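Right, one structure below, let's go through it.
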Amino acid sequence: MGHTATEQAGSGGLTATEHRLANGLRVVLSEDHLTPVAAVCLWYDVGSRHEVKGRTGLAHLFEHLMFQGSAQVKGNGHFELVQGAGGSLNGTTSFERTNYFETMPAHELELALWLEADRMGSLLAALDDESLENQRDVVKNERRQRYDNVPYGTAFEKLTAMAYPEGHPYHHTPIGSMADLDAASLEDAQAFFRTYYAPNNAVLSVVGDIDPEQTLAWIEKYFGSIPSHNGKQPPRDGSLPEVIGSELREVVEEEVPSRALMAAYRLPHDGTREADAADLALTVLGGGESSRLYNRLVRRDRSAVAAGFGLLRLAGAPSLGWLDVKTSGGVEVPAIERAVDEELARFAAEGPTPEEMERAQAQLEREWLDRLATVSGRADELCRFAVLFGDPQLALNAVQRVLAITPEEVQAVAKARLRPDNRAVLVYEPTEPTAPADPAADTEDKEADR
């Protein structure tokens, strides 16, 4: 195993060492003896962008299957063992990755490593039709609870489908469709696991009160014998023109609490100075109660009850600037939209004030430092930069890159991208409430997702 240890300029003294097992597993370690805890984070380079038409939702479904049992750990044993040892755990799926993580008392670190290795190396031994059906139902119920049956729940799905054209790898969201979830077979799941859940397609980070030499010995012991797999195909090309070229618009009539204006702007790829500049621009415009849009729409005009503008960072496709405004009382959406466009045009023409620039940079700096200050947050960021950009060390000086952005760069990205011809727009118009269904006829399983 080779390794490098680097203390990055502007890292606040944080260090990380990198190692690679013979089977291709990348390992990143970061010592932090402030508290007696250790975080384990495992990122697999697979997300919804790797899926094909007709089999959407497989990456997210597999996230759930990874908690269904493996060769040595039956059923819900992963949760029971970690929580019984005083730890916490979960997993998430995005367009670009699937991750699994535990935060443990430092003396229980070996348990977390063994558990992750057991399911990486032997999940197929426990994967059968029963476990697939169980987790398929859980995921479908999650879709109902978080998307289909909540106000504005499908907004993200609708806007991404508009912002990324048909056939684009980011056109569908990780939750997948009900039809595709129903169509997934045991053979699909087995092939998916063999292709993507291999050590050479993963990054493992361990952060906290650790002995690096002992930690590496455990990692070699438990992960080292898992064979690599070379059948993975690269994700489809996610590149698109910088500007959509015309405004895309959809009106949704649903039973929602109030009218809403939502929009997705096509913005620079993550990992670039332009993405950091875009993040600062959206922070000035809609990042909290001191932002321009909040002051204009909520405080001054009182035409909205909420107004936010944030960046969804994406590495393999253009990022999205996400605008979300909920109207007040009987205010019509066109009035809101005119005010938003006025503020965006003014910002593009004038740029941020020195006070706004200082406040936005301080806000993003605090958010970054908050993530790096916790062992779990740092472990996640080390994995993110290793998987998406090839270098975990970039996580340690991300703050400095944000602080190096100039007001001119912020104004330039706003002028180039925050335009009406570079957005997908979703307008919600409330409908009258429907009559409640007959409770006796509702036989759907209401068990919540974990």
Side-chain angles (χ1 to χ4, degrees), residues 41 43-50 59 92-99 101 155-157 159-160 163-164 168-174 203 205 235 237-240 242-244 262-288 291 308-324 360-361 363-372 377-405 409-410 412-414 416-418 422-424:
C41 186
W43 272 46
Y44 290 93
D45 186 10
V46 58
S48 59
R49 67 171 174 165
H50 295 86
T92 66
T93 310
S94 77
F95 290 103
E96 301 181 322
R97 59 97 184 104
T98 309
N99 68 345
F101 45 92
F156 180 64
E157 193 172 43
L159 277 176
T160 53
Y164 302 113
H168 190 273
Y170 292 67
H171 179 71
H172 69 277
T173 56
V203 173
S205 67
D237 182 16
S239 60
L240 288 170
E242 291 187 353
V243 175
I244 295 173
M262 301 184 190
Y265 291 77
R266 190 177 290 177
L267 294 176
H269 289 63
D270 193 15
T272 62
R273 285 184 68 94
E274 292 80 8
D276 289 335
D279 207 352
L280 287 164
L282 300 192
T283 301
V284 172
L285 287 163
S291 66
F309 209 175
L311 181 64
L312 173 63
R313 288 177 175 264
L314 296 170
S319 302
L320 290 182
W322 188 269
L323 174 71
D324 187 350
Q361 286 181 315
Q363 185 172 331
L364 293 186
E365 180 182 22
R366 186 190 70 245
E367 292 172 2
W368 265 109
L369 293 177
D370 284 347
R371 288 198 290 274
L372 294 178
R378 196 184 321 156
D380 193 58
E381 291 299 337
L382 289 169
C383 278
R384 182 169 82 90
F385 280 94
V387 169
L388 299 181
F389 307 110
D391 185 2
Q393 307 291 343
L394 291 171
L396 303 182
N397 55 22
V399 170
Q400 300 308 115
R401 294 196 297 275
V402 171
L403 297 180
I405 301 299
E409 289 175 289
V410 174
V413 75
R417 302 296 192 101
L418 300 182
N422 187 38
R423 67 187 178 197

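Computed from a predicted structure; not experimentally measured.
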Kindly compute the distance separating [atom1] ([X]) from [atom2] ([Y]), expressed to the nearest 0.5 Å.
X    : Y    : atom1 : atom2 : answer
E409 : E274 : CD    : CD    : 7.5 Å
R97  : L388 : CZ    : CG    : 8.5 Å
D391 : L396 : CG    : CG    : 9.0 Å
E367 : L372 : CD    : CG    : 12.0 Å
L280 : I405 : CG    : CD1   : 6.5 Å

Can a donor-acceptor pair be found, under 3.5 Å and without considering hydrogens, that links the side chain of [X] to the backbone of [Y]?
X    : Y    : answer
H269 : A275 : no
R313 : D279 : no
D324 : G308 : no
R417 : N422 : no
R371 : D380 : no
T92  : N99  : no
T98  : V46  : yes

Tell me whether the rings of F385 and W368 are parallel (<30°), tilted (30 to 60°) or perpendicular (>60°).
tilted
Which word best sums up how the rings of H168 and Y170 line up, parallel for under 30°, tilted for 30 to 60°, or perpendicular for over 60°?
tilted
For the pair E381 and R384, evaluate salt bridge (charged side-chain N to carboxylate O under 4.0 Å, His left out) and give the outcome as yes or no after the intermediate values.
CA-CA 5 Å; E381 291 299 337; R384 182 169 82 90; 3.0 Å; yes
Is there a side-chain contact between [X] and [Y], using heavy atoms and a 4.5 Å cut-off?
X    : Y    : result
T160 : F95  : yes
Y44  : V203 : no
P235 : P169 : no
L364 : V399 : no
L314 : D270 : no

Shortest non-hydrogen contact from [X] to [Y]?
X    : Y    : value
A360 : V284 : CB-CG2, 3.7 Å
Q361 : V402 : NE2-O, 3.2 Å
W43  : V387 : CB-CG2, 3.7 Å
Y164 : P318 : OH-O, 2.5 Å
D45  : E96  : OD1-O, 3.9 Å
R423 : I244 : N-CD1, 3.6 Å

Set out, in order, the CA-CA distance, both residues' side-chain angles and the distance that settles side-chain contact (heavy atoms from CB on, under 4.5 Å) for R401 and L394, then state yes or no.
CA-CA 10 Å; R401 294 196 297 275; L394 291 171; 3.9 Å; yes
Any chance you could lay out the side-chain contact (heavy atoms from CB on, under 4.5 Å) test for F309 and T283, step after step, and finish with the verdict?
CA-CA 7 Å; F309 209 175; T283 301; over 6 Å; no
Member of L267, L311, L312, L159 meeting the side chain to side chain contact (heavy atoms under 4.5 Å, CB included) criterion with L320:
L312
